[in-house]
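Heads up, the thing below is written out as structure tokens.
Every heavy atom of this structure was used, including side-chain atoms; hydrogens, water molecules and symmetry mates were not. For clarity, every value in this text was computed on a predicted model and none was experimentally measured.
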Amino acid sequence: MVLFSLERLSRLPVDVAWRRLTDWHRHADVVPLTRVTVRTPPPTAEGTVFVARSGIGPLAFDDPMEVVVWQPPEDGGVGRCRLVKHGSLVKGWAEIEVHPHGDVAGAGPDSASVASRVLWREDLRVHRLPGFCDRPLGWLSRRMFGRAMDGLLGETPSGR
């Protein structure tokens with residue numbers, strides 16, 4: 001089992017960062033060799049199911065996920081989403097939170113340009129993967145999901 005947490009600070013307003021991070025199809029644009037299919041009709045809500053298919057040919061696998069918590073940000077507040085992974089190969093959960101984080105430099109307190117703080121927490125369990133592989137899997141996961149966050153937010157890395 002691998003449990004990790006990532007954080008990014010963004011100049012994007014909370015609602016824009018939220019939309020980018022929860023546009024499931026866009027994840028395929030930032031995760032190599034991955035396609036995303038949403039199996040339930042829009043809009044995203046609790047119960048939405050989507051599948052990320054990663055790999056090539058016989059080495060590909062499906063990572064089906066279900067949205068179990070869906071709390072979009074309202075009036076610049078916090079947005080929170082929790083996904084549960086139901087795959088035969090990958091199980092676990094992921095949480096995405098987008099928080100307001102002060103004013104962008106030069107913007108006044110009433111500006112709509114409030115920066116955001118993004119938290120991504122994930123628990124990954126890969127079927128039949130021995131425990132001694134947890135450390136390299138954790139390193140690889142933090143790197144891959146961090147790059148995905150950066151790509152979805154459209155910015156260079158910032159934060160931890």
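- Counting only heavy atoms from C-beta outward, the side chains of L33 and S54 never approach each other to under 4.5 Å.
- A salt bridge between D63 and K85 is present, with a side-chain N of the basic residue lying under 4.0 Å from a carboxylate O of the acidic one.
- Remark: the backbone N or O of L12 is paired with a side-chain donor or acceptor of S116 at under 3.5 angstrom.
- The CZ atom of F4 lies 7.5 Å from the CZ atom of R142; values are rounded to the nearest 0.5 Å.
- Looking only at side-chain heavy atoms (C-beta outward), R147 and V30 stay at 4.5 Å or farther from each other.
- You'll find the side chain of E66 stays beyond 4.5 Å of the side chain of T48, heavy atoms only.
- Remark: the E122 side chain and the W120 side chain contain an N/O donor-acceptor pair separated by less than 3.5 Å.
- From L152, atom CG reaches atom OG of S10 across 11.0 Å, with rounding to the nearest 0.5 Å.
- Within the model, atoms NE2 of H27 and CE of M149 stand 10.0 Å from one another, a figure rounded to the nearest 0.5 Å.
- Under a 3.5 Å cut-off, the side chain of H86 and the backbone N or O of G92 do not form any donor-acceptor pair.
- Rounding to the nearest 0.5 Å places CG of L137 at 8.5 Å from CE of M144.
- A 4.5 Å side-chain heavy-atom check between L83 and C81 finds at least one atom pair inside the cut-off.
- Here D123 contributes atom CG and M1 contributes atom CE; the two are 5.5 Å apart, rounded to the nearest 0.5 Å.
- For the pair R8/L153, a side-chain contact is recorded, criterion being any heavy-atom separation below 4.5 Å from C-beta on.
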Start with the C-alpha distance between T40 and F50, add both sets of side-chain angles, then the distance that settles side chain to side chain contact (heavy atoms under 4.5 Å, CB included), and finish with yes or no. CA-CA 7 Å; T40 49; F50 60 96; over 6 Å; no
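- Side-chain contact between E97 and V118 is absent, with no heavy-atom pair separated by less than 4.5 Å.
- At a threshold of 4.5 Å between non-hydrogen side-chain atoms, the residues F145 and L124 count as touching.
- With a 4.5 Å cut-off on side-chain heavy atoms, R121 and S5 count as touching.
- In this structure, the separation between CZ on R80 and NE2 on H99 is 9.0 Å, given to the nearest 0.5 Å.
- A donor-acceptor contact closer than 3.5 angstrom links the side chains of W24 and T44.
- A donor-acceptor pair under 3.5 Å is formed between the side chain of T34 and the backbone N or O of P32.
- Ion pairing between a basic and an acidic side chain is recognised when a charged N comes within 4.0 Å of a carboxylate O; R19 and D23 show no such pairing.
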